[in-house]
There are 2 protein chains.
Amino acid sequence: MALTIRDVARAAGVSTATVSRALRGLDNVDPATRDRVVRIAREMKFSVSPSASRLATGRTGSIAIVTPFLGGWYFTELFAGMEAALQRFDVDLLLHATGMPGVTAHPLRAHERVRRRVDGVLVLGMPLEMVESEGLFELDVPVVLLGLQAPGVPSVSIDDRLAARMAVEHLVERGHKRIGLISGRPLPTMFVPENDRLAGYLEVLVEHGLSVDETLREPGDFKVAGGEQAMERLLSLRPGPTAVFAMSDEMAYGALRAMRRRGVEPGKDIAIIGFDGHDLADTFDLSTVRQPVRDLGKAAGELLMERIAAGSLADAEVAPILLPTQLYARGSTGC
Amino acid sequence: MALTIRDVARAAGVSTATVSRALRGLDNVDPATRDRVVRIAREMKFSVSPSASRLATGRTGSIAIVTPFLGGWYFTELFAGMEAALQRFDVDLLLHATGMPGVTAHPLRAHERVRRRVDGVLVLGMPLEMVESEGLFELDVPVVLLGLQAPGVPSVSIDDRLAARMAVEHLVERGHKRIGLISGRPLPTMFVPENDRLAGYLEVLVEHGLSVDETLREPGDFKVAGGEQAMERLLSLRPGPTAVFAMSDEMAYGALRAMRRRGVEPGKDIAIIGFDGHDLADTFDLSTVRQPVRDLGKAAGELLMERIAAGSLADAEVAPILLPTQLYARGSTGC
DNA sequence: CTGAAAGCGCTTACAG
DNA sequence: CTGAAAGCGCTTACAG
């Protein structure tokens, strides 16, 4: 049915070995021959069989993204960045959603799903325990962590502790002393970034001699509705917070809504700052700490391809890559 | 390095043919033999080489999603639905973003990228012209369209014309006579769904004897900021609209914001209805027409697998699959 | 610079 | 129910 390299070889009057070399642009081919073969192949609309070439070389030409959460703004941005990085490598990008342990886990472990199918794995937003339980380290291919660091594993992330500090320090500078927190899951959690953000929050409070009050911390599940409910609980406290740090912009949107409904004016009655640099933050005049999500994706994609190219060499030096975050002060903190 | 089927055959004292059959659960194997082979393979942690098996069978075990837009709520929902549908088929899911023609097109046509790598293609939100220019119909594999219909091509979508009618009829029922429109791109566009929604909008106006006023139509680029600007232009009209239909919820959020800033109360001074059934619509008390995006993804995934299984048979009957939409009346239209 | 030939690891008629 | 053997379509030492 489909043409093979033999058809091209016959048409060009050369061996299949020469066609193979010519088509891949290897340099041990006479330029004239190469050009002719390439031209003929194109005329015949020949294209190589990936399966055959993969079997012959032992490389899959694919990488996988493995992640518990598929959707949302964060994933989308990340993905766009990865696409940009991967474009020039001509690798297939496999997507595998694991689901959350205990919630909607995938029937197969990621290990089973990607084994022998990929040359490397990008692990997104997964706690280390999960990376292990999904068997990702048992794969004999490079793994790059995205969104958190772990000793000895290549990773691309932000410094969550530092980023949280930026947010809370901003609130302290605006004169606040009772600063509430809307987290994702209830703390502490298996997710490192959230714990790190909590650590940053606590550090700043302590450094400024502010009292640490556990009742001022509410989980919001990283959703708008969750943020709204969390803020409602905070608003009903006596005394309540005068400022709130939400661990995501989307939760902050919910919080803004809860405030408005109670007639509490953001940035005036109560200050609120989000986290992410989500598209709508500007629209809602929400202060936030921006993380360069797209760049994270790009850097992770590049790092993974680098590790794949390096093979088993250079396994020693794996300095984590940390990308900078940035404070955006807006109306919601009175700016 | 990695184990082959020969290793398993040797260990089990059978031929590679029997191992191959046993591992795939074919029925022409003695149950006792099968169980033993399977057990031994598991003990050895053997797993089949996809490349070899693909080369031998001629099937790739992969499908591609090809789409101009990667991100956002719509894509995410769709993807979740597709994952659900595809889970039981054990196919690899390749992602290919084409970029928009004339904006950020991909250097390679989708045709080049997925050729010989997939057994089928899911085309998401692409105008037919683009499907053609990307060479997707030249692929010798089944193609399923997601988000629009085309004669003779299997597809899964909503009835955009009808859905738009729901929105506009709701506004008419609430007594509105000057109804504005916030579209995505300037109309008419190469994107069928938008044109269909425009058609539905116009139909309702005409049926109710309302005047059709082109100045009441503004593009908003399917973004919050675009919706905001579009609404600002509409608000400065004299006489302006008393109600507005936005072709996406996200544009409607922007519109809400423009209204609030001008002191125009949604649902009271001016009614507004969105489109999508986005997560936040409820939070913002936005009326909308919900489309079942996740179900669209699921249905499309299933349809594609069905077409692949059918092979070149049954090419005749390709009834488009249409999923229902639903009106949600909320405060933004005075409900 | 080029080709003949072996090999990558499976699957599948075919024969028994 | 089982096996020997050919074949899937490439790539890659090896020899020249």
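Everything numeric here is computed off the predicted structure, so don't read it as measured data. Just so it is clear, the values below take in all heavy atoms, side chains as well, and ignore hydrogens, waters and symmetry mates. Quick note on labels: first sequence line is chain A, next is B, and so on, each numbered from 1.
Proximity of A:Thr18 to the phosphate of C:dG3: a side-chain N or O atom is located under 4.0 Å from OP1 or OP2. Phosphate proximity of C:dC8 to B:Arg6: absent, as no side-chain N or O sits under 4.0 Å from OP1 or OP2. For the pair A:Ser15 and C:dG3, the criterion of a side-chain N or O lying under 4.0 Å from OP1 or OP2 is met.
Along DNA chain D, the nucleotide nearest A:Thr16 and the nucleotide nearest B:Thr16 are compared for position; the residue whose nucleotide lies closer to the 5' end is B:Thr16.
Rounded to whole Å, the distance from CZ on A:Arg10 to P on C:dT2 is 19 Å. Rounded to whole Å, the distance from CZ on A:Arg59 to C1' on D:dT12 is 11 Å. Rounded to an integer number of Å, the gap from B:Ile5 CD1 to C:dT12 P is 11 Å. Spacing between atom CZ of A:Arg36 and atom P of C:dC1 amounts to 15 Å, rounded to whole angstrom units. One interatomic measurement links the two molecules: CG of A:Asp7 to C1' of D:dG9, which rounds to 11 Å at whole-angstrom precision.
Here salt bridge (Lys or Arg N to Asp or Glu O under 4.0 Å) pairs that include residues 56-67 of chain B, with residues two or more places apart or in two chains, number zero. Listed by first then second residue, pairs satisfying salt bridge (Lys or Arg N to Asp or Glu O under 4.0 Å) with a partner in residues 25-53 of chain A read A:Arg39-A:Glu43, not counting sequence neighbours. Annotation: side chain to side chain donor-acceptor pair (under 3.5 Å) contacts involving residues 294-305 of chain B, sequence neighbours excluded, comprise B:Glu77-B:Arg294.
Taken to the nearest 0.5 Å, the CZ atom of A:Phe79 stands 6.5 Å off from the CZ atom of B:Phe75. Taking CG of B:Leu124 as the start and CG of B:Leu148 as the end, the distance is 10.0 Å to the nearest 0.5 Å. Taking CZ of A:Arg113 as the start and CG of A:Leu95 as the end, the distance is 10.0 Å to the nearest 0.5 Å. How far CD1 of A:Ile5 is from OG of A:Ser49: 10.0 Å, rounded to the nearest 0.5 Å.
A gap of 24 Å separates the P atoms of D:dC14 and D:dC10, to the nearest Å. A distance of about 16 Å separates the C1' atoms of D:dG16 and D:dT12, rounded to the whole Å.
With salt bridges taken as basic N to acidic carboxylate O contacts below 4.0 Å, none links B:Arg115 and B:Asp140.
The backbone N or O of B:Ser133 lies less than 3.5 Å from a partner atom in the side chain of B:Arg109, making a donor-acceptor pair. In this structure, B:Arg307 contributes its side chain and B:Leu303 its backbone to no donor-acceptor pair below 3.5 Å. Here the side chain of A:Asp92 pairs no donor or acceptor atom with the backbone of B:Leu94 at under 3.5 angstrom.
Listed by residue number, the members of residues 19-34 of chain B with any heavy atom below 4.0 angstrom from DNA chain C are B:Ser20, B:Arg21, B:Arg24. Within residues 47-56 of chain A, the residues having any heavy atom closer than 4.0 Å to DNA chain C are, in order of number, A:Leu55, A:Ala56.
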DNA chain D base-pair string [pairs: Watson-Crick or G-U under 3.5 Å; |: paired with another strand]: |||.||||||||.|||
